[in-house]
Asker: 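Before anything else, here's the structure in question.
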Amino acid sequence: MEFGLSDDQKLLENSFRRFTENKLPLERIREFANTKTGCNADIWNGLVELAATGVLIPEQYGGAGFKMLDALVILESLGRTVTPVPFTGSAIMAPVALLTGGTEAQKEEWLPQIAAGETKFGVGVTEIISTRDSKGVSLSGDTLNGNTMFVIDGGPADVYLIAAGPDNMAIVPRTAPGVTVTQLTTIDYTRMHCEVKLEGVKADLLGGKGKASEAIKKTIMAGRLALAADTLGAAEVMIYKAVEYAKERKQFERAIASYQAVKHMCAEMITELEPFRSLLWYAAYAYDEMPDEALINILLAKSGIDEAGKFIKRTATEVHGGMGFTDLMGLHYWYKRVSVNRALLGTPDILRNEAAIAQGWLAA
Amino acid sequence: MEFGLSDDQKLLENSFRRFTENKLPLERIREFANTKTGCNADIWNGLVELAATGVLIPEQYGGAGFKMLDALVILESLGRTVTPVPFTGSAIMAPVALLTGGTEAQKEEWLPQIAAGETKFGVGVTEIISTRDSKGVSLSGDTLNGNTMFVIDGGPADVYLIAAGPDNMAIVPRTAPGVTVTQLTTIDYTRMHCEVKLEGVKADLLGGKGKASEAIKKTIMAGRLALAADTLGAAEVMIYKAVEYAKERKQFERAIASYQAVKHMCAEMITELEPFRSLLWYAAYAYDEMPDEALINILLAKSGIDEAGKFIKRTATEVHGGMGFTDLMGLHYWYKRVSVNRALLGTPDILRNEAAIAQGWLAA
Amino acid sequence: MDLSYGPEYEDFRAELRAFIEKNQHKAPPAGMGMKHPEALEQDWQKLLIENGYTCRTIPKKYGGYGAEPDILKTVIIQEEFTKANVNSGLSGQGIGMLVPTLLENGNEEQREKYIRPTIYGEIHWCQGYSEPGAGSDLASLRTNARVEDDHFIINGQKIWTSGAHFADMCFILVRTEPDKPKHEGISYIMMDMKTPGIEVRPLVTMTGAAEFNETFLTDVKVPVENVVGKRGEGWKVANTTLKHERGMLGDPGQMLSRIESILKILQNEKLDGKRLIEHDMYRDRLIAAQAKTEALKFHSLRLLSHTLKNEEPGVSRLIVKYYGTTLARELSDIALEALGELGQLYMGSPHVRSHGSWQWRNMFDLGLIIGGGTSQIQKNIISERGLGMPREPKLAETK
Amino acid sequence: MDLSYGPEYEDFRAELRAFIEKNQHKAPPAGMGMKHPEALEQDWQKLLIENGYTCRTIPKKYGGYGAEPDILKTVIIQEEFTKANVNSGLSGQGIGMLVPTLLENGNEEQREKYIRPTIYGEIHWCQGYSEPGAGSDLASLRTNARVEDDHFIINGQKIWTSGAHFADMCFILVRTEPDKPKHEGISYIMMDMKTPGIEVRPLVTMTGAAEFNETFLTDVKVPVENVVGKRGEGWKVANTTLKHERGMLGDPGQMLSRIESILKILQNEKLDGKRLIEHDMYRDRLIAAQAKTEALKFHSLRLLSHTLKNEEPGVSRLIVKYYGTTLARELSDIALEALGELGQLYMGSPHVRSHGSWQWRNMFDLGLIIGGGTSQIQKNIISERGLGMPREPKLAETK
């Protein structure tokens, strides 16, 4: 019995934390965010060197062949420094889609390019979850039409994986005729998502026509795990930044960390977050080892972490007082990352509704 | 321009506060609650002497002919000491029903008895608001059948006013053939509600057949105002009890009132409650003076006070620590009064839904 | 309970309405101007003062309208300009804080020199109170001034100086007697912003905008006659004005209009083909917030009534800031949450709603919860002054 | 991550299951008994001890099973008895607190005299720690004992002494050296409840039941040899045991079964003809609480893993009590709110659901939030020990 990270995973964690902390002092985060490109080449290349872009890709396709929990260890590190790279779309969701639903030829074509970091993927599944401004993409014959919003990490992507209804997923190069990409700017400038519009685009369908249902489901699951891990890392850093700031900041001749109100705010933050780290670990483990338990635990983990994140982003900012509101300490980059992650791939109430359906509490 | 209680209303408030505080030291509240009768004769007679039972009844029927805001001043005082009397049912809801919808003969028969405190009314409108265990009473020909739950103050009542669908309300003596009264015991032993079952009971209909629609609506509005005022009084007392206890109780050589956590709990309680006092005053004023504005403001006032009450009942108990959990300080009588008031005549979510409909935000 | 204002006031209201009706074409657009007043604003201000619709109680000899204080008329003026959505004249810290301070603590020369041009928008002021190390504990401020040749020589740094980049003057708190206890060594000084040694840098906030500035002061020379009140009494001078600070009644009008805007969002936007208003959870949350907003609205009337009768409303008044700022943020939060992922879009993005103003609002609301006394400080005040609970006890000396 | 327990433990689990299967007809009903153990409980306890399913690590010579500590086996035992809903043996403060205290701080004579009859249910103990004036600040207790003729003469009052009315013995903290600093003047004494001068009165709580007692002590004579550890070291003695206190892992099993019960309510009860589960708000709230419960479940596994590896999990462990008690009350609250006015009915009323146990639970849950260190104290501990924030500073002397 061992519930927790293995020694190897702890090493992995250490090396990625060191990498991101070295690469991303606040002034560089600020500088990268201002470019609004969603991908910093320097960091991306570093991740390629560390084999992170191929973390989920089997060795035969040039990857590291690790499991989801390993990937989450990396993702949490990336979240801790609000790292400006399209990791969730390209290194998590796209490989899961290709591995679950791709033909051998599709895997051989794309997976090595992903692992090598040469090709970046954006993944469009928003309308499978819920619709607001867009109806999603539909397939008629072998032609794709429609638009999809919030394509994950679609800003800097070269190729898109786009769901066309619940059973089809298309591989669409950004430069293909009929493709229009529109950047969507959220408050989080460190990652860039987009809208993709397809007009009469010829479909290269993942696994063939009507074969992508499982791939879409697993891609969404993987994406949710990734966003939750990113928030977990970002939110935990916010708590510790608040604690450190409170210890240094003095008002009325006392460190504000000695005021009970501030102490209790910090205690509440860590209490809200910490148990969800355990649930997220389990959900990631279940993703590989106990598929029957994965769906529900992922839904509960992301919704719970999103709620904790919302409380923490606000409370940690409050502990920082006026400094938290300014750009001087840059705390807002974390605030915004947590905020946007919460809304992507299903807001908490949508996830909880899915959880009710998944448990048979409600008709679908 | 004067927003607030008039000098006369302040006198009224003073005299009722003095009356209830004198009559109801903790040991008497405990003693009365243990009887579970929902009406203490001594207090009831005192209220009759003070003309409170006829507060809303015009002078021509033996009452004081006051307005709803005056009545709320009395109700708040009763709530402050969790007074064990059927005031809401008998002195508020029943007179409103009779005055709004009764024939002259009905008014002349019942209002003087109510004002004199000789006859106590219970009022059954639960199923007009929502249904759970009961379907409500229905009228067929001139016969009443069915059952109604949570008849307000029905425990000690002599006569019932019972809605039979949205347009009819029947006046039913407890002793009439076919009437079965079953006491419902909530956690609040100071007031007693009941279930009334009618089997083939001959109807004396308020105002005649199909004439009670307006009376039912106003009766519910008045009942909600009354419960909200009761909670307001009870909750405010809980706050001040918590503040007083915190000033006296010492732990670690300091009054616990000097700990920031305790101070902030008290600050949050009063902040949640106090603005709703203003809204409740306005709603009561609107009830008489600006009928168009009454419905929505009553819905918002009761739901808001219920929510504040829920927070306060818990937080004030926490401030009292272990003592709050015991019967020694009796704080739980207030806790339970607030708790039950919240659930009667529409829980907050039901009231808010009604508010959406009343404002035309939703189809009914 | 009497919600009518009486005939005198209804007449006043009617006149005001006619005035607005007739003159509104001359008014500059409503809204908080983050720039120095120009001719259009100045002319409009002049017209308003002449008719007694702003600076009502400032004496005629200093350029005001010279009326007796009448809070009901003030409220009516506020109500009518808000309702008509017409610019109600200049605001800002010069008119709001410096002028009352001069009236109460300035000398005759200072009043004559500064009040008229301030209320006519010729001199625009900024406030130099907070410092990076002195926020909630303002009296611990360290910007200092020594005296040389009848001048203060000021050194230090101020923060949150909104409008400093276009202000003509700054009223500033500086430590002039470093050896005295912290509340007794402070002076209140009027400083010309064109004096050499002042550097204003924009202070970017989480919203991405620079709503405020940092102001760095290096050997800034200010004539000693620019001190208001006595030297070393600046803390008292600043606090007499803080007492008068407006806005203590909350701003339910603004919140009611937010409710309207959110309602429109819920009625117009759809999630999975169903209007948001039909989703129980968003609707329920909006109505819960509406209840609090209506409560605040009538609570403000109640406080107004206390003011009219010169009653001290105690805790009822003290809760308003904490209640109002928390409620304001809850409102912007409802809008954002109902919009889901669309709510995360920001200024300039395709598909963004209301130009991203809900996100801006939500972040700025958080700033307001923090600013001018955090919620923690507010709760201290409510419990201590409102409920009579003990102040934070004095600590034992350590090390 | 490895969630299997390995073959040794799976064998152990299989044996235990077979044991339960075979013997459960002998077991008294599960659940916390608010009475003195009788023959049925005592026989079952004996069978469990002989098989090593309770009192596992208590040495054989004192009547225990004498096994090495093995937390996984402890967990398996707990899991299997819970799953089978079979009585898992006696619990209570004698077995849970007095016995470990004697093992660590008692002398040989005390161990031999008390441990065996305690674990076999012949001596039932109650705890005399809290006092009306000493709750969170337990060390300020004032019940005192002077020594006369080789006896302590105890006077004072204890509260929250659950089971005192049927207990044979009480382990009690009393002040024996009034002149010493507050933590150094306390002794830990074993007191026979039949001694003259002890009056036990039921302490009625808000639930209406008397789950606890008050115990009044007037010149109660206890032999001096009944002190555990040294005189004046009672604070240390009590604290070494508190360290071992069980339940630090939270009780996710009980909460998971609450979720099941609430789900049944939502599925079976209707509001306006629509099943409660179809009302978005109740369902959403239950699932939010389910997420927290599942999180606590896996969090407990994580803490267990730390324990197995002798790692100090720091803040992760410190949050459990605050998280768990808050969550428990949220769960009973969901049940009550979903039931609307029916949720307010109480024991014995017609139409009441689950015999009013949700209301009882909800009030008792509030008691648990308050008891044994309020949430406020828990948050102090989390921030100080878990996050390294400063302790409440020492105050200056007043008056």
Side-chain angles (χ1 to χ4, degrees), chain B residues 1-6 9 67 69 239-240 242-243 246-247 254-255 257-260 262-285 288-290 296-297 299-305 307-308 348-349 351-353 355-356 359 361-363, chain C residues 1-6 9 72 75 250 263 266-267 275 277-278 280 283-288 290-306 308-309 311 315-316 318-320 322-324 326-327 375-376 378-384 386-393:
Chain B
M1 208 313 282
E2 175 160 17
F3 188 97
L5 300 185
S6 66
Q9 285 162 336
K67 300 213 163 171
L69 185 54
I239 298 172
Y240 285 100
V243 169
K247 286 182 188 166
R254 286 165 65 174
S258 73
Y259 288 97
Q260 208 181 20
V262 172
K263 286 162 68 176
H264 286 195
M265 287 161 93
C266 293
E268 285 165 15
M269 286 194 278
I270 194 75
T271 304
E272 285 298 310
L273 188 65
E274 200 56 24
F276 280 105
R277 171 185 299 281
S278 310
L279 180 57
L280 185 67
W281 282 349
Y282 181 76
Y285 176 75
D288 284 309
E289 309 296 338
M290 290 171 291
I296 178 70
N297 282 295
L299 291 166
L300 297 179
K302 180 174 189 277
S303 60
I305 288 175
E307 299 290 16
D349 52 329
L351 300 177
R352 287 191 291 261
N353 200 52
Q359 293 180 94
W361 293 5
L362 266 188
Chain C
M1 194 72 102
D2 171 12
L3 300 187
S4 69
Y5 283 21
Y9 293 103
L72 272 189
V75 167
L263 178 60
L266 296 196
Q267 283 173 326
R275 292 190 309 148
I277 193 81
E278 284 156 14
D280 292 358
R283 183 181 68 244
D284 187 72
R285 212 173 141 198
L286 178 59
I287 299 176
Q290 185 192 24
K292 291 193 154 197
T293 309
E294 292 287 327
L296 184 59
K297 174 172 121 191
F298 295 112
H299 195 66
S300 302
L301 277 184
R302 176 173 151 205
L303 295 180
L304 172 60
S305 214
H306 282 298
L308 288 173
K309 294 198 278 182
E311 291 169 350
V315 74
S316 327
L318 298 173
I319 62 173
V320 168
Y322 173 50
Y323 195 82
T326 308
L327 176 57
S375 287
Q376 312 310 313
Q378 293 298 322
K379 287 189 244 182
N380 285 351
I381 293 172
I382 295 165
S383 55
E384 291 166 13
L387 299 174
M389 298 177 87
R391 294 179 58 103
E392 192 71 24

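Naming: A, B, ... by sequence-line order, numbering from 1 per chain.
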Asker: Does the side chain of His264(B) reach to within under 4.5 Å of the side chain of Asn380(C), using non-hydrogen atoms?
Answerer: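 Yes; the side chains approach each other to less than 4.5 Å.
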
Asker: Pick one of side chain, backbone, both or neither for Arg391(C), based on which atoms fall under 4.5 Å of a heavy atom in chain B.
Answerer: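 Contact with chain B is through the backbone of Arg391(C) alone.
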
Asker: Is the Tyr323(C) ring parallel, tilted or perpendicular to the Phe276(B) ring (thresholds 30°, 60°)?
Answerer: perpendicular

Asker: Please give me the minimum heavy-atom distance between Ser278(B) and Ala295(C), naming the atom from each residue.
Answerer: CB-O, 4.3 Å

Asker: Counting heavy-atom pairs under 4.5 Å to chain B, which of His299(C), Arg302(C), Met389(C) comes out on top?
Answerer: Arg302(C)

Asker: Please classify the contact of Gln359(B) with chain C as side chain, backbone, both or neither, using a heavy-atom distance under 4.5 Å.
Answerer: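 The side chain, not the backbone.
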
Asker: Pick whichever of Glu268(B), Gln9(B), Arg254(B), Met265(B) has the most heavy-atom pairs under 4.5 Å with chain C.
Answerer: Glu268(B)

Asker: Based on non-hydrogen pairs under 4.5 Å, which of His306(C), Glu384(C), Glu278(C) is most in contact with chain B?
Answerer: Glu384(C)

Asker: Taking only Lys NZ, Arg NE, NH1 and NH2, and the carboxylate oxygens of Asp or Glu, determine whether Arg352(B) and Glu307(B) approach each other closer than 4.0 Å.
Answerer: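 A salt bridge is present here (some side-chain N lies under 4.0 Å from a carboxylate O).
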
Asker: Indicate yes or no for a side-chain donor-acceptor contact from Arg283(C) to the backbone of Ile277(C) under 3.5 Å, with no hydrogens or angles considered.
Answerer: yes

Asker: Between atom CD1 of Ile270(B) and atom OH of Tyr322(C), what is the distance when rounded to the nearest 0.5 Å?
Answerer: 13.0 Å

Asker: Let me know if Lys247(B) has heavy atoms under 4.5 Å from chain C in its side chain, its backbone, both or neither.
Answerer: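 Interface part for Lys247(B): side chain.
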
Asker: Between Pro390(C) and Ala257(B), what is the shortest heavy-atom contact and its length?
Answerer: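 For Pro390(C) and Ala257(B), the tightest heavy-atom pair comes out as CD-O, 3.4 Å.
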
Asker: Heavy atoms, side chains only, cut-off 4.5 Å: are Leu301(C) and Tyr282(B) in contact?
Answerer: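 No; the side chains remain at least 4.5 Å from each other.
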
Asker: With a 4.5 angstrom heavy-atom cut-off, is it the side chain or the backbone of Ala283(B) that approaches chain C, or both, or neither?
Answerer: neither

Asker: Of the listed residues (Asp284(C), Leu266(C), Ile382(C), Asp280(C)), which shares the most heavy-atom pairs with chain B below a 4.5 Å separation?
Answerer: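 Of the options given, most contacts go to Asp284(C).
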
Asker: Among Lys309(C), Gln290(C), Glu294(C), who wins on heavy-atom pairs under 4.5 Å with chain B?
Answerer: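 The candidate making the most pairs under 4.5 Å is Gln290(C).
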
Asker: I need the Leu387(C) CG to Tyr240(B) OH distance, nearest 0.5 Å.
Answerer: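 Going from the CG atom of Leu387(C) to the OH atom of Tyr240(B) covers 5.5 Å.
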
Asker: Please flag which part of Leu308(C) lies under 4.5 Å from any non-hydrogen atom of chain B: side chain, backbone, both or neither.
Answerer: side chain

Asker: Looking at chain B, which one of Gly388(C), Gly6(C), Ala291(C), Ala288(C) has the largest number of heavy-atom pairs inside 4.5 Å, strictly under?
Answerer: Ala291(C)

Asker: Under a 4.5 Å heavy-atom cut-off, does chain B meet the side chain of Ile381(C), its backbone, both or neither?
Answerer: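 Neither part, no heavy atoms under 4.5 Å.
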
Asker: If you take all heavy atoms of Tyr285(B) and Asp2(C), which pair is closest and at what distance?
Answerer: OH-CA, 4.2 Å

Asker: With only heavy atoms counted, which part of Gln267(C) is less than 4.5 Å from chain B, the side chain, the backbone, both or neither?
Answerer: side chain

Asker: Can you tell me which portion of Leu72(C) sits under 4.5 Å from chain B's heavy atoms? Options are side chain, backbone, both or neither.
Answerer: side chain

Asker: Between chain B and each of Ser316(C), Ser4(C), Ser305(C), count heavy-atom pairs under 4.5 Å; write down the option with the most.
Answerer: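 So the answer, after comparing Ser316(C), Ser4(C), Ser305(C), is Ser305(C).
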
Asker: In terms of heavy-atom pairs under 4.5 Å, which option from Pro275(B), Ala255(B), Ala267(B), Ala355(B) contacts chain C the most?
Answerer: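 Looking at each of Pro275(B), Ala255(B), Ala267(B), Ala355(B) in turn, Pro275(B) comes out on top.
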
